[in-house]
Amino acid sequence: MIENTMEKETTLFHHAGNIIRTADREIRILAKYEEPLVVLLGNVLSEEECDVLIAHSKDSLQRSKIVGNREMNELRTSSGVFCEQNATVAVIERRISAIMNIPIVHGDGLQVLRYTPGQEYKPHYDYFAATSRASANNRISTLIMYLNDVENGGETSFPMLKLSIYPNRGTAVYFEYFYNADHLNELTLHAGTPVIQGEKWVATMWMRRQAYRLDETPSW
Ligand SMILES: O=C(O)CCC(=O)C(=O)O
Ligand SMILES: [Fe+2]
């Protein structure tokens with residue numbers, strides 16, 4: 001793709017046109033915020049895939065409670081698990097890799113979060129601070145997939161862009177934050193606003209600059 005002459009920074013999102021054709025699905029581009037790039041995507045997951053991810057994670061959430069490694073912090077009050085591999089997860093990860101245009105071994109793994117009423121994810125960045133050890137192989141892009149329709153609340157909001165994405169089953173939001181101009185990265189501050197009514201389920205993939213996983217069939 002030919003870059004704009006207006007000193008536009010590089011992007012990984014090289015998809016032209018209205019549709020991203022992956023091996024098994026046509027993803028629709030619904031909306032775009034140009035800089036920092038935030039793209040709303042439709043038809044990312046089928047209803048069945050959403051259900052499989054929720055059911056699969058429900059079990060793991062249950063198990064992690066039994067083991068007692070309950071996670072508690074003020075920033076994020078939802079509960080989350082990294083998905084164990086299965087056939088559906090493998091198919092979804094291949095699709096995610098095509099959308100994000102990065103090999104899946106750069107990914108942290110598919111994390112599923114569940115929010116109940118009152119739960120939220122306060123404003124944060126997905127990348128690590130330059131001073132942290134994790135920043136040696138920092139995150140560069142995010143895909144948040146919405147696994148269910150939420151009755152009320154639970155938007156993903158970008159307060160500095162004054163932009164809110166409402167959770168709709170099967171859709172996703174993509175954004176990236178490896179700009180040379182740091183202020184653009186800082187504009188990707190985002191939050192999962194409190195769920196008011198119903199439950200909210202999302203699956204998130206964070207990509208790293210370099211390979212992160214050892215192979216394509218890790219066990220978390
Ligand atoms: O739940 C949301 O809308 C936001 C999730 C999020 O920011 C993340 O998983 O990094
Ligand atoms: Fe986030």
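Indexing begins at 1, ligand by ligand and atom by atom, following the structure's order. Only this structure's heavy atoms are used, side chains among them; waters, hydrogens and symmetry mates stay out.
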Name of whichever N/O/S atom of H124 is nearest to the Fe ion (ligand 2) | NE2
Which N/O/S atom belongs to D126 and is the closest one to the Fe ion (ligand 2)?
-> OD1
For atom 2 (C) of ligand 1, grab the closest protein heavy atom and report residue, atom and distance to one decimal in Å.
->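 Answer for atom 2 (C) of ligand 1: K200 NZ, 3.1 Å.
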Taking atom 8 (C) of ligand 1 as the reference point, the nearest protein heavy atom with its distance |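 Going atom by atom, the protein heavy atom closest to atom 8 (C) of ligand 1 ends up being Y121 CE1, 3.7 Å.
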May I ask you to list the atoms of ligand 1 that are less than 4.0 angstrom from any heavy atom of [X]?
| X | answer |
| --- | --- |
| T156 | 2 (C), 3 (O) |
| G192 | 2 (C), 3 (O) |
| T204 | 8 (C), 9 (O) |
| Y115 | 1 (O), 2 (C), 4 (C), 5 (C) |

Would you check whether Q111 reaches within less than 4.0 Å of ligand 1, judged by its heavy atoms?
-> no
NZ/NE/NH1/NH2 to OD/OE distance under 4.0 Å, R213 and E93 | yes
Side chain to side chain donor-acceptor pair (under 3.5 Å), paired with Y146, selected from T156, N168, T171 |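 So the option named by the test is T156.
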Donor-acceptor pair between T10 and Y179 side chains, under 3.5 angstrom =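 No, no side-chain donor-acceptor pair sits under 3.5 Å.
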Distance-only polar pair, side chains of Y174 and E176, donor-acceptor under 3.5 Å = yes
Looking at F175 versus F158, is the centre-to-centre ring distance below 6.0 Å?
-> yes
Taking the six-membered ring for Trp, is the centroid-to-centroid distance between Y121 and H190 below 6.0 Å?
->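 Here the rings of H190 and Y121 have centres that are no less than 6.0 Å from each other.
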Between D126 and ligand 1, find which residue part has any heavy-atom pair under 4.0 Å and reply side chain, backbone, both or neither.
->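 Contact part for D126 vs ligand 1: side chain (C-beta onward).
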Using a heavy-atom cut-off of under 4.0 Å, does the side chain or the backbone of I165 touch ligand 1, or both, or neither?
->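 Neither; no heavy atom under 4.0 Å.
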Return the minimal non-hydrogen interatomic distance between [X] and [Y], and the atom names on each side.
| X | Y | answer |
| --- | --- | --- |
| T116 | E199 | CG2-OE2, 4.2 Å |
| L147 | C50 | O-CB, 3.4 Å |
| M100 | S141 | CE-OG, 3.5 Å |

Is the shortest N/O to N/O distance between H190 and ligand 1 below 3.5 Å?
->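 N/O-N/O distance below 3.5 Å exists for this pair.
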Do E155 and ligand 1 have an N or O pair less than 3.5 Å apart?
-> no
